[in-house]
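Report on the following structure.
Values below: all heavy atoms of this structure, side chains included; hydrogens, waters and symmetry mates excluded.
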Amino acid sequence: MTANAFNTEITETAEALIGPWRQPRQMLHAQVYDAHASIHDDATAQKLGFKGGTIEGPTHFSQFAPLGARLWGRAWFESGCLSAHYRNACFEGEDVQAILSKPLPGTSQCQIQMIKRDGTEVLRGTASVGDPNAATALETRLTELKPLTDPVILRDVKVAQTSKRQLVRMAFDQNMGDLYPFSLRQKLAVITESSPYYSSADNPWRKAIIPMEMLSVLFQYRSKDDPLPAKGPAVGLFADQEIRLVKGPLFVDEEYEVEREVVALSGSRRTESAWVKTRVFDKAGAMVATMLLNMATLKDSYAPYEKEYRRLYGAGR
């Protein structure tokens with residue numbers, strides 16, 4: 001008999017499953033990309049108008065895992081999907097709560113949101129298992145994007161641009177590099193929802209499995225080895241993210257191949273965004289997971305933005 005996946009205290013109402021209030025830990029203070037600090041560094045974040053280093057979006061995915069497991073059981077770990085639009089930054093020391101609205105009878109997709117104590121919405125989106133026969137939150141969002149016009153930072157990035165395949169692996173004590181300067185074991189020591197499934201073979205698959213929030217780390221682990229031709233240095237943040245298990249779970253210390261494809265470019269007053277679809281394959285060549293990520297780059301963080309805009313387009317923005 002295997003252990004229970006989670007001992008998380010869940011409140012159940014007629015409409016929803018509600019997790020406990022948690023304070024996620026910020027583990028990316030020392031993150032470096034393009035040889036500079038990131039949005040998770042206090043000083044860098046404050047220069048860009050944030051009150052401090054932000055907690056990385058997928059950290060919040062862990063709080064939904066007990067809710068998905070309560071609703072769907074084993075299927076959550078094998079074909080679960082979280083699809084989220086990040087609406088407001090969260091900072092270390094803040095309480096946040098995950099809420100999963102129950103699906104309608106006969107359906108396998110439902111709404112999710114995360115809130116702070118004051119009601120501020122951190123994220124909203126959908127959770128599902130298998131093929132829900134309905135568009136996820138980000139599949140819907142992709143159809144509603146404001147196109148990227150007059151690009152500066154992303155002017156050399158093209159839709160359908162695809163990376164070479166890369167081998168990735170995550171062992172317990174493996175430092176995950178400049179982008180993620182910590183190990184899985186260090187994450188498991190502070191993860192908001194601990195589980196024996198993550199640290200031992202005491203689960204239905206007889207191998208330790210990688211938490212959904214750490215799949216984001218695994219999939220991005222070698223992205224700097226084949227980066228998009230974006231201009232920099234500039235600071236980016238995760239604005240939207242979807243992780244879908246196709247043939248899960250994914251296992252600790254197992255080798256996978258990943259490839260990335262730019263599927264859309266979009267823009268806003270403050271950002272230029274590249275939407276990248278990552279496809280993940282096991283050693284037999286079967287696709288086991290996907291990730292859709294909107295990396296939004298802050299225009300104000302790219303020092304020559306205004307100068308280059310005028311050179312490219314002949315006028316100020």
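- A continuous path of hydrophobic side-chain contacts links M114 to V190 [ILVMFWY only; heavy atoms under 4.5 Å].
- Distance check, rounded to the nearest 0.5 Å: CZ of R270 to CG of L298 gives 5.5 Å.
- Side-chain contact between E193 and Y198 is absent, with no heavy-atom pair separated by less than 4.5 Å.
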For Y256 and L167, run side chain to side chain contact (heavy atoms under 4.5 Å, CB included): C-alpha distance rounded to whole Å, both residues' side-chain angles, the deciding distance at 0.1 Å, then the answer. CA-CA 6 Å; Y256 299 95; L167 289 174; over 6 Å; no
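- For D226 (side chain) and K164 (main-chain N/O), a donor-acceptor pair under 3.5 Å exists by modelled atom type.
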Applying side chain to side chain contact (heavy atoms under 4.5 Å, CB included) to L312 and D150, what does each step give before you reach the verdict? CA-CA 8 Å; L312 290 166; D150 300 344; over 6 Å; no
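- In terms of modelled atom types and a separation under 3.5 Å, the side chain of Q109 and the main chain of A135 share a donor-acceptor contact.
- Dense packing is recorded around CD of E144, with more than 12 heavy atoms of other residues, nucleotides or ligands lying under 6.0 Å away.
- When atom types are taken as modelled, the side chain of R260 and the backbone of F219 share a donor-acceptor pair closer than 3.5 angstrom.
- For the pair K158/V262, no side-chain contact is recorded, criterion being any heavy-atom separation below 4.5 Å from C-beta on.
- For the residue pair Q113 and R87, no side-chain donor N or O sits within less than 3.5 Å of a side-chain acceptor on the partner.
- For the atom pair OG1 of T278 and CG of L293, the computed distance is 7.0 Å after rounding to the nearest 0.5 Å.
- I55 has its side chain within reach of H60: a pair of non-hydrogen atoms, C-beta onward, lies under 4.5 Å apart.
- No continuous path of ILVMFWY side-chain contacts below 4.5 Å connects L215 to V246, so the two sit in separate hydrophobic clusters.
- One distance of note links OG of S108 with CG of N133; it measures 7.0 Å at 0.5 Å rounding.
- For the pair I209 and S195, the minimum side-chain heavy-atom distance is 4.5 Å or more.
- The environment of CG in N7 is sparse: at most 12 heavy-atom neighbours from other residues, nucleotides or ligands sit within 6.0 Å.
- The heavy-atom pair separating F238 from S216 by the smallest distance is CE2-OG, 3.9 Å.
- Salt bridge E272/R155: absent, no basic N to carboxylate O contact under 4.0 Å.
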Assess the residue pair L292 and D240 against the criterion (side chain to side chain contact (heavy atoms under 4.5 Å, CB included)); give the C-alpha distance rounded to whole Å, side-chain angles, the decisive distance to 0.1 Å, and a yes or no. CA-CA 8 Å; L292 178 62; D240 301 88; over 6 Å; no
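- Here the shortest heavy-atom pairing between P58 and Y86 reads N-OH, 3.2 Å.
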K187 vs E213, test: salt bridge (charged side-chain N to carboxylate O under 4.0 Å, His left out). Steps then yes/no. CA-CA 10 Å; K187 167 58 75 171; E213 72 162 279; 2.8 Å; yes
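- Side-chain contact between I191 and M214: absent, with no pair of heavy atoms (C-beta onward) separated by less than 4.5 Å.
- When atom types are taken as modelled, the side chain of N175 and the backbone of G177 share a donor-acceptor pair closer than 3.5 angstrom.
- The structure places OH of Y180 at 5.0 Å from CD of Q220, a figure rounded to the nearest 0.5 Å.
- Proximity of a side-chain donor or acceptor of T143 to a complementary backbone N or O of T140 within less than 3.5 Å is detected.
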Donor-acceptor contacts under 3.5 Å from residues 248-255 side chains, at least two apart:
from: E254; atom 1: OE1; to: K207; atom 2: NZ; distance (Å): 3.1
from: E255; atom 1: OE2; to: R169; atom 2: NH2; distance (Å): 3.4

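- Enclosure of atom NZ in K102 by more than 12 non-hydrogen atoms of other residues, nucleotides or ligands within 6.0 angstrom is indicated.
- Using modelled atom types and a 3.5 Å distance limit, the side chains of T192 and Q63 yield no donor-acceptor pair.
- Under the 3.5 Å distance criterion, the side-chain polar atoms of T13 are left unmatched by any main-chain donor or acceptor of T11.
- Nearest heavy-atom pair across L184 and A171 is CB-O, 3.9 Å.
- Counting heavy atoms from C-beta on, the side chains of R25 and E92 come closer than 4.5 Å.
- For the pair L188/P211, a side-chain contact is recorded, criterion being any heavy-atom separation below 4.5 Å from C-beta on.
- Hydrophobic clustering of Ile, Leu, Val, Met, Phe, Trp and Tyr side chains at less than 4.5 Å, counting indirect connections, unites M170 with V258.
- V288 and F281 are not part of a single hydrophobic cluster, where members link through side-chain heavy atoms under 4.5 Å apart.
- Once rounded to the nearest 0.5 Å, the distance linking CZ of R74 with OG of S79 reads 11.0 Å.
- Heavy atoms only, all atoms of each residue included: V276 and L228 are closest at CG2-CD1, 4.0 Å.
- The aromatic rings of F77 and Y197 sit tilted relative to each other, their planes meeting at an angle between 30° and 60°.
- Looking at P20 and T8, their side chains come closer than 4.5 Å, going by heavy atoms from C-beta outward.
- By the 4.0 Å N-to-carboxylate-O rule, R141 lies too far from E242 to be salt-bridged with it.
- One hydrophobic cluster, built from ILVMFWY side chains closer than 4.5 Å, cannot hold both M291 and L142; they sit in different ones.
- When all heavy atoms of P24 and T59 are compared, the closest pair comes out as CB-CG2, 3.9 Å.
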S266 and K146: CA distance, side-chain angles, deciding distance, side chain to side chain contact (heavy atoms under 4.5 Å, CB included) verdict: CA-CA 6 Å; S266 64; K146 181 181 178 182; 5.7 Å; no
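- Looking at T126, its side chain does come within 3.5 Å of a backbone N or O of A137 through a donor-acceptor pair.
- N88 places a side-chain N or O within donor-acceptor distance of the main-chain N or O of E121, the cut-off being under 3.5 Å.
- The minimum heavy-atom distance between P229 and Q161, with the atom names listed, is CD-NE2, 3.1 Å.
- Interatomic distance, F64 CZ to I112 CD1, rounded to the nearest 0.5 Å: 4.0 Å.
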